[in-house]
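See structure below.
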Amino acid sequence: MRTLIFATNNQNKVNEIRKVTEGKFKIITLSEAGINIDIPEPHDTLEANATEKSTVIHQLTNQNVFSEDTGLEVAALNGEPGVKSARYAGEGRDFQANIDKLLLSLENITSRTAQFRTVISLILDGEEHLFEGICKGHILFQQIGQQGFGYDPIFVPEGATQTFAEMTMDEKNNYSHRKKAVSKLINFLSGL
Ligand code: ITT
């Protein structure tokens, strides 16, 4: 089975992606690879940040590697927080502060459509390939649920009645941006 390093420091992403790639390819995390760095995300697009993360780890290891960058794009906020999702409320990268700021920004706004967008950058044999996954939905007026991470407690995907934070990981994966992007990656690898 093929082995890929997953260039992330977010264990929630590792758990979600491992769940859907079991038996397809083997994932090595940065800590399992003995790499302890805070990968920079300096760019203003998800694509460029994903490329940055996979490139940094590829240059360090010379191994096949993938990374992903995800943003929550809110229509009424012209796509914000988007690429700034992790640091929306400041450098502390605090999930709760980010949710509080977003709910405040949308306080009197009834149009609440939003989407999560994930971009995966795969570097395979030195060549980059990008895969995108989008999950449309809407933002609630208050948070509900304890599971998941990040903005999950305020996001209800289209076709569901619960937030991502009320769902099990398998239920979230029925809708999720990340799952859709990873499915494209799996299809690509299985077609080689
Ligand atoms: P990396 O090490 O992979 O960069 P990160 O946590 O910095 O991990 P991102 O920059 O891609 O990841 O994520 C932006 C933020 O968007 C992240 O911190 C979460 O708060 C939020 N986010 C990402 N995926 C999410 C999901 O599936 N559900 C809810 N929030 C999510």
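Note that the structure is a prediction, hence the values are computed from the model and not measured. Each ligand, and each atom within it, is numbered from 1 in the order the structure gives. The chain is numbered in sequence order, starting from 1.
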(request) Using a 4.0 Å heavy-atom cut-off, say whether Phe149 meets ligand 1 through its side chain, its backbone, both or neither. (result) both
(message) Counting only heavy atoms not in Lys180 (residues, nucleotides, ligands), do more than 12 fall under 6.0 Å from its NZ?
(response) yes
(request) Return the option from Thr70, Asn12, Asn9 holding the heavy atom at the smallest distance from atom 13 (O) of ligand 1. (result) Thr70
(request) Answer yes or no for Phe164: is there a heavy-atom contact with ligand 1 below 4.0 Å? (result) no
(message) When you measure from the centre of the six-membered ring of Tyr88, is the NZ or CZ of Lys101 closer than 6.0 Å and no more than 45° off the axis?
(response) yes
(request) Report the part of Phe155 in contact with ligand 1, treating N, CA, C, O as backbone and CB onward as side chain, heavy atoms under 4.0 Å; options are side chain, backbone, both, neither. (result) neither
(request) Going by the side-chain contact (heavy atoms from CB on, under 4.5 Å) test, name the single residue among Ile5, Ile17, Thr8 that passes it with Phe66. (result) Ile17
(request) Give the atoms of ligand 1, by number and element, whose distance to some non-hydrogen atom of Lys172 is under 4.0 Å. (result) 26 (C), 27 (O), 28 (N)
(request) Note the single closest protein heavy atom to atom 3 (O) of ligand 1, along with its residue, its atom name and the distance in Å. (result) Thr8 OG1, 2.6 Å
(message) Regarding atom 19 (C) of ligand 1: of the candidates Ala50, Gly150, Pro153, which has the closest heavy atom?
(response) Gly150
(request) Using a strict cut-off of 4.0 Å, indicate which atoms of ligand 1 neighbour a heavy atom of Arg93. (result) 5 (P), 6 (O), 7 (O)
(request) In plain terms, say whether Glu41 and Lys53 are close enough for a salt bridge, that is, a side-chain N and a carboxylate O under 4.0 Å apart. (result) yes
(request) Identify whether the distance between the nearest side-chain nitrogen and carboxylate oxygen of Glu16 and Lys179 falls below 4.0 Å. (result) no
(request) Using a strict 4.0 Å cut-off to heavy atoms of Asp152, name the atoms of ligand 1 that fall inside it. (result) 26 (C), 28 (N), 29 (C)
(message) Below 3.5 Å, N or O to N or O, backbone or side chain included: is there any such pair between Tyr151 and ligand 1?
(response) yes
(message) Quick one: does any side-chain atom of Tyr151 pair with a main-chain N or O of Leu102 as donor and acceptor, under 3.5 Å?
(response) no
(request) Look only at interatomic distance and state if Ser85 has a nitrogen or oxygen under 3.5 Å from any nitrogen or oxygen of ligand 1. (result) no
(request) Measure the acute angle between the ring planes of Phe116 and Phe155, then classify it against the limits of 30° and 60° as parallel, tilted or perpendicular. (result) perpendicular
(message) Nearest non-hydrogen contact with atom 10 (O) of ligand 1 belongs to which option: Arg178, Lys13, Glu41?
(response) Glu41
(message) Tell me whether Arg112 contacts the main-chain N or O of Ile139 through its side chain, where contact means a donor paired with an acceptor under 3.5 Å.
(response) yes
